[in-house]
Undergrad: 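Here it is, the structure, as structure tokens.
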Amino acid sequence: MIVMDGKAVAAKCKAAAAEEAKKLKHQPGLAVVLVGDNPASRTYVSAKEKDCHECGFASFEYKLSAETTQEELMRLIAQLNADEKVDGILVQMPLPAHLSEKEVLCAIAPEKDVDGFHPMNVGRMTTGDPAFEPCTPAGIMVMLKEYGIDVSGKRCVVLGRSNIVGKPMASMLLRANGTVTICHSRTPDMSAFTREADILVTAVGKVDLITPDMVKEGAVVIDVAMNRNAEGKLCGDVNYAAVAPKTSYITPVPGGVGPMTRAMLMVNLLRAAQQRESN
């Protein structure tokens, strides 16, 4: 059993991005918009600022009050779309309930959509054209490659169907010639599918959802979830201590997928900067 070190792979990705950025004529810039005062969102924004600093990228933070109107937010996005110092725009989710996330995501210029959530990038990714890809599934694909895990011909099961992880993850595994099944809250007898998985990706958000009897001997298990157990300790969907001995490869929580998500944001930002200079 090998524990997949997301921190080490992420550091390698960020170092490569920083090196590539030295070839550019300008410093890549990321604009991060934070609406309201969600503590988790504030932590994520601080982490992204740190990543930018490590890669030698510029970071511009826009903190807006929870009472910000849709019109005010859209006006800011339009300004950032036109700002030449900004290569990538990230609006931290979730937004306050009165704001339309869909409208906001669609307003970001596709060439600055480093989160990979704009419908144009989603469509291009699905059809196999070059696009900014959502950071979490893109990071998982990089990690699989780094550990020499070939997806082609493998039975891949994805738990969860969100636009951020589940759907794009399934699309990327399919593109890598995996045979893909998506399970979700309406799937009866989910374990019947998970027991067949050569590669299992779980992004549900339920502590101890995955137990040893649900995992095939020698499976690769990727745990995307970030939960807190009864003791307040960070954990994923997988009962790690019980499941790990049965796997060939497994990601820990924390230290697995999370660092890769942040690293891929830097990779996407670099690509946005490169594309701008090549146009």
Side-chain angles (χ1 to χ4, degrees), residues 1-12 135-162 164-261 263-264:
M1 181 269 290
I2 294 173
V3 179
M4 302 171 80
D5 189 344
K7 286 182 181 177
V9 181
K12 188 175 175 181
C135 298
T136 298
I140 290 168
M141 295 306 291
V142 169
M143 197 153 47
L144 290 172
K145 186 176 179 182
E146 182 70 20
Y147 279 88
I149 299 165
D150 187 10
V151 174
S152 184
K154 300 288 189 349
R155 290 189 178 187
C156 307
V157 175
V158 179
L159 306 186
R161 52 179 166 177
S162 73
I164 296 171
V165 181
K167 290 176 187 174
M169 184 79 259
S171 183
M172 289 179 203
L173 290 167
L174 186 62
R175 190 174 63 201
N177 299 315
T179 300
V180 184
T181 301
I182 301 179
C183 297
H184 47 78
S185 58
R186 301 294 179 87
T187 303
D189 192 15
M190 192 183 288
S191 60
F193 296 96
T194 62
R195 279 195 295 269
E196 295 294 315
D198 300 307
I199 299 173
L200 175 63
V201 181
T202 177
V204 175
K206 188 176 179 183
V207 177
D208 289 344
L209 172 69
I210 305 300
T211 50
D213 59 300
M214 297 174 70
V215 177
K216 179 181 179 180
E217 192 73 43
V220 175
V221 176
I222 309 291
D223 196 345
V224 182
M226 190 69 78
N227 311 310
R228 287 197 183 273
N229 62 18
E231 292 80 46
K233 187 181 175 185
L234 278 175
C235 63
D237 288 340
V238 178
N239 185 327
Y240 186 88
V243 171
K246 203 172 179 181
T247 65
S248 56
Y249 295 86
I250 189 167
T251 59
V253 178
V257 174
M260 290 304 301
T261 298
M264 296 316 292

Undergrad: Of all the heavy-atom pairs spanning Gly256 and Thr251, show the shortest one and how long it is.
TA: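 Looks like CA-CB, 4.2 Å.
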Undergrad: Are the side chain of Ser171 and the backbone of Pro168 linked by a donor-acceptor contact shorter than 3.5 Å?
TA: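 A pair under 3.5 Å: no.
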Undergrad: Is Val257 close to Thr136 at the side-chain level, that is, under 4.5 Å between some pair of heavy atoms?
TA: yes
Undergrad: If we ignore hydrogens and angles and just use 3.5 Å, is the side chain of Asp223 paired with the main-chain N or O of Val238 as donor and acceptor?
TA: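 Present.
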Undergrad: For Ser248 and Gly218, indicate whether the former's side chain and the latter's backbone hold a donor-acceptor pair under 3.5 Å.
TA: yes
Undergrad: To the closest 0.5 Å, what do you measure between CE (Met172) and NZ (Lys167)?
TA: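 With rounding to 0.5 Å, CE (Met172) is 14.0 Å from NZ (Lys167).
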Undergrad: Considering only heavy atoms from C-beta outward, does the side chain of Met4 approach that of Ile222 to under 4.5 Å?
TA: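 Contact flag for Met4/Ile222 side chains = yes.
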Undergrad: Side chains of residues 148-159: which donor-acceptor partners sit under 3.5 Å, not counting sequence neighbours?
TA:
residue: Asp150; atom: OD1; partner: Ser152; partner atom: N; Å: 3.2
residue: Lys154; atom: NZ; partner: Asp150; partner atom: O; Å: 2.5
residue: Arg155; atom: NH1; partner: Glu196; partner atom: OE1; Å: 2.7

Undergrad: Can you give me the closest heavy-atom contact between Met190 and Cys183, atom names plus distance?
TA: CG-CB, 3.9 Å
Undergrad: Do you know the tightest heavy-atom contact between Tyr249 and Tyr147?
TA: OH-O, 3.8 Å
Undergrad: Say you draw a straight line from CD1 of Ile199 to OG1 of Thr247; how long is it, rounded to the nearest 0.5 Å?
TA: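 Between Ile199 CD1 and Thr247 OG1, I get 12.5 Å after rounding to 0.5 Å.
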Undergrad: Considering all heavy atoms of both residues, which atom of Pro245 and which atom of Tyr240 are nearest to each other, and what is their separation?
TA: CD-O, 4.4 Å
Undergrad: Using a 3.5 Å distance criterion without hydrogens, assess whether the side chain of Asp237 forms a donor-acceptor pair with backbone atoms of Val207.
TA: no
Undergrad: Report the distance from atom CG of Leu209 to atom CE of Met214, rounding to the nearest 0.5 Å.
TA: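 Here the rounded value is 5.0 Å.
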Undergrad: More than 12 foreign heavy atoms under 6.0 Å from NZ of Lys246: is that the case here?
TA: yes
Undergrad: Rounded to the nearest 0.5 Å, what's the gap from CD on Glu146 to CE on Met260? Could you check?
TA: 8.0 Å
Undergrad: For a 4.5 angstrom cut-off between non-hydrogen side-chain atoms, does Leu144 reach Met141?
TA: yes
Undergrad: Mind checking what makes salt bridge (charged side-chain N to carboxylate O under 4.0 Å, His left out) contact with Arg195, not counting sequence neighbours?
TA: none
Undergrad: Could you report the tightest heavy-atom contact between Arg161 and Arg186, atom names first, then the distance?
TA: NH2-CG, 4.0 Å
Undergrad: Please confirm whether the backbone N or O of Val165 pairs with a side-chain atom of Ser162, one donor and one acceptor, at under 3.5 Å?
TA: yes
Undergrad: Within the supplied structure, the quantity of interest is the number of heavy atoms (other residues, nucleotides, ligands) at a distance under 6.0 Å from Phe193 CZ; does it exceed 12?
TA: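 No, not enclosed.
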Undergrad: Minimum heavy-atom separation for Ile210 to Val243, with atom names?
TA: O-CG2, 3.4 Å
Undergrad: Hey, what do you get for CG (Asn229) to CG (Leu234), rounding to the nearest 0.5 Å?
TA: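 The distance works out to 8.5 Å.
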Undergrad: Show, in sequence, the C-alpha distance, side-chain angles and deciding distance for Lys206 and Asn227, and conclude whether the side-chain contact (heavy atoms from CB on, under 4.5 Å) test is met.
TA: CA-CA 7 Å; Lys206 188 176 179 183; Asn227 311 310; 5.6 Å; no
